[in-house]
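Keep in mind that this is a model prediction, so the values were computed, not measured. Here is the naming used below: chain letters follow the sequence lines, and residue numbers restart at 1 for every chain.
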Amino acid sequence: QQQVKQSPQSLIVQKGGISIINCAYENTAFDYFPWYQQFPGKGPALLIAIRPDVSEKKEGRFTISFNKSAKQFSLHIMDSQPGDSATYFCAASGTSGTYKYIFGTGTRLKVLA
Amino acid sequence: GAVVSQHPSRVICKSGTSVKIECRSLDFQATTMFWYRQFPKKSLMLMATSNEGSKATYEQGVEKDKFLINHASLTLSTLTVTSAHPEDSSFYICSARGRAGPIDEQYFGPGTRLTVT
């Protein structure tokens with residue numbers, strides 16, 4: 001019940017295309033869902049985050065879609081660029097207690113020039 | 001704002017020795033710090049959660065006597081790997097949660113690559 005399932009494990013997209021990464025959770029107590037981008041040898045950097053009271057959030061080329069009833073959320077990267085090539089992690093946490101994150105398994109994105 | 005630093009970025013130590021990794025929140029007070037371990041091409045695994053001035057809470061399977069965590073101030077937490085073994089070689093990442101932004105947002109450090117020979 002504490003797991004966050006992420007797919008696909010890897011993704012190859014042409015430059016200018018849309019990259020879509022999906023995550024699913026089971027614990028209905030989760031109410032904060034961030035996405036992180038990580039380059040090799042670096043720490044994760046927050047991209048965008050959403051709470052369950054909205055179904056979509058957009059920041060620049062990054063959009064989170066959230067389906068509360070299905071307990072799923074996804075990251076869409078529009079106009080994907082080679083510089084977006086990185087590993088992406090979704091996470092989930094509750095806003096009480098320790099606020100610790102449960103991370104997905106990660107998606108390695110490669111955008112072809 | 002909301003910058004977290006780690007020191008050192010890379011460290012090589014011999015088996016049996018101890019090594020300390022520092023995590024600092026540079027421009028905000030971190031009420032909670034988290035320590036993660038990441039294996040190559042794997043996700044982040046939470047090791048422990050520490051609140052300033054209190055003992056760390058370790059995740060199941062993490063040896064608290066081996067991975068000593070101290071959160072002495074609102075801007076500094078340290079992870080000491082004691083009696084290091086080659087299997088402790090990994091990428092260690094800290095994060096901090098505090099008053100820099102949304103209450104549930106964590107800010108991650110750049111990570112420390114530990115190699116035990």
Side-chain angles (χ1 to χ4, degrees), chain A residues 1-11 21 23 25 27 29-54 57 59 64 85-110, chain B residues 1-7 9-10 21 23-25 30-51 54-60 62 71 90-115:
Chain A
Q1 194 173 12
Q2 283 291 88
Q3 280 188 327
V4 176
K5 296 182 180 179
Q6 183 172 346
S7 63
Q9 186 175 357
S10 62
L11 181 61
I21 305 170
C23 283
Y25 64 99
N27 189 341
F30 290 149
D31 56 6
Y32 181 70
F33 304 90
W35 283 91
Y36 283 86
Q37 178 190 57
Q38 186 180 31
F39 293 102
K42 305 294 183 183
L46 178 67
L47 271 178
I48 187 172
I50 198 168
R51 297 186 192 281
D53 53 346
V54 297
K57 183 175 181 180
E59 289 184 3
I64 299 179
S85 298
T87 300
Y88 293 81
F89 293 97
C90 64
S93 78
T95 53
S96 62
T98 62
Y99 300 91
K100 64 181 184 182
Y101 286 177
I102 305 299
F103 277 94
T105 49
T107 296
R108 300 183 75 188
L109 171 65
K110 185 177 177 68
Chain B
V3 177
V4 175
S5 69
Q6 280 184 242
H7 177 79
S9 57
R10 289 179 174 270
I21 302 170
C23 176
R24 293 182 185 273
S25 57
T31 51
T32 307
M33 285 185 167
F34 303 85
W35 285 96
Y36 296 85
R37 183 174 182 176
Q38 186 176 35
F39 291 103
K41 299 182 180 181
K42 296 295 184 182
S43 188
L44 287 80
M45 181 187 77
L46 180 65
M47 299 174 65
T49 302
S50 73
N51 294 296
S54 61
K55 290 184 178 181
T57 301
Y58 291 80
E59 294 299 303
Q60 191 173 9
V62 178
H71 192 162
S90 192
F91 193 51
Y92 292 88
I93 308 171
C94 72
S95 72
R97 182 183 72 84
R99 300 169 192 144
I103 192 168
D104 30 24
E105 190 162 314
Q106 291 184 28
Y107 303 93
F108 283 80
T112 296
R113 174 77 58 194
L114 170 63
T115 303

Where on A/Pro44 is there a heavy atom nearer than 4.5 Å to chain B: the side chain, the backbone, both, or neither?
both
Structural part of B/Gln6 lying under 4.5 Å from a heavy atom of chain A:
neither
Check for a donor-acceptor pair, side chain of A/Tyr101 on one end and backbone N or O of B/Leu44 on the other, with a separation under 3.5 Å.
no
Top residue by heavy-atom pair count (under 4.5 Å) with chain A, among B/Met45, B/Gln38, B/Arg113?
B/Gln38
B/Ser43 side chain vs A/Gly106 backbone, donor-acceptor pair below 3.5 Å
no
For A/Tyr32 versus B/Glu105, what's the shortest heavy-atom pair and its separation?
OH-OE1, 3.5 Å
Taking side chain as C-beta onward, heavy atoms only, is A/Lys100 less than 4.5 Å from B/Thr57?
no
Under 4.5 Å from any heavy atom of chain A, what part of B/Lys42 do you find: side chain, backbone, both or neither?
backbone
A/Gln9 atom CD, over 12 foreign heavy atoms within 6.0 Å
no
Please give me the minimum heavy-atom distance between B/Phe91 and A/Gln38, naming the atom from each residue.
CE2-NE2, 4.0 Å
Name the member of A/Gly41, A/Ala49, A/Ala45 that forms the most heavy-atom pairs with chain B at distances under 4.5 Å.
A/Gly41
